Amino acid sequence: MKSILTTLAIIALAAPAFAGCGKTEETKGKLKSVDADSKSIVITADGKDVKLTLTAAVKDADKLVGKDVVAVSSHKKVESLKKS
């Protein structure tokens, strides 16, 4: 009985660690600016400026300024940035 309760307790405590949101958004538009100090970018999409935070996975974002890009982000944090 103890082992069953222990196993159930472990499962109950571990379940939230594996339950991620998994929701990603694609932002398409022109890369307006890159701020290296705050690690953020601004993309102009549909006439609106969208500010996103860069992660360590994104490299050389400053080379794409002024170009059309697609940013894949989760909770406003960019996971990938590529030229469209």
Side-chain angles (χ1 to χ4, degrees):
M1 187 68 173
K2 284 184 183 180
S3 63
I4 293 173
L5 291 176
T6 303
T7 304
L8 290 175
I10 290 171
I11 291 171
L13 292 174
F18 295 106
C21 174
K23 179 183 173 190
T24 58
E25 297 178 350
E26 269 194 6
T27 305
K28 297 179 183 180
K30 189 171 290 244
L31 182 59
K32 185 175 180 180
S33 65
V34 176
D35 186 1
D37 294 332
S38 65
K39 297 180 182 173
S40 64
I41 61 173
V42 177
I43 297 176
T44 303
D46 299 326
K48 298 178 185 176
D49 286 345
V50 178
K51 186 174 182 179
L52 302 170
T53 305
L54 294 173
T55 60
V58 179
K59 305 286 185 207
D60 299 328
D62 55 338
K63 294 180 181 178
L64 298 173
V65 173
K67 297 183 176 150
D68 289 329
V69 295
V70 176
V72 177
S73 61
S74 175
H75 302 285
K76 299 287 184 180
K77 294 184 180 183
V78 180
E79 296 173 357
S80 70
L81 181 68
K82 61 183 176 182
K83 194 165 109 174
S84 62

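Please read all numbers here as calculations on a predicted model, not as lab measurements. For the numbers below, each heavy atom of this structure counts, side chains included, while hydrogens, waters and symmetry mates do not.
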Rounded at 0.5 Å granularity, tell me how far [atom1] in [X] sits from [atom2] in [Y].
X	Y	atom1	atom2	value
Glu25	Lys76	CD	NZ	6.0 Å
Lys77	Thr55	NZ	OG1	9.0 Å
Asp68	Thr44	CG	OG1	10.5 Å
Lys23	Ser73	NZ	OG	9.5 Å

Among the clusters formed by ILVMFWY side chains lying less than 4.5 Å apart, do [X] and [Y] turn up in the same one?
X	Y	answer
Leu31	Val72	no
Leu81	Val42	no
Val50	Val65	yes

Worksheet item: Pick one: which of Leu52, Ile43, Thr27 meets side chain to side chain contact (heavy atoms under 4.5 Å, CB included) with Val78?
Response: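 Answer after filtering Leu52, Ile43, Thr27: Leu52.
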Worksheet item: Taking only residues at least two apart or on different chains, which pairs with a member in residues 29-44 satisfy salt bridge (charged side-chain N to carboxylate O under 4.0 Å, His left out)?
Response: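 Passing the test, one end in residues 29-44: Lys32-Asp49.
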Worksheet entry | Smallest separation among heavy atoms of Lys28 and Ala45, with atom names |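 Nearest heavy atoms, Lys28 then Ala45: O-CB, 3.2 Å.
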Practice prompt. Measure the shortest side-chain to side-chain distance between Ile10 and Thr6 over non-hydrogen atoms and say whether it is less than 4.5 angstrom.
Written response: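 With C-beta onward as the side chain, the pair touches.
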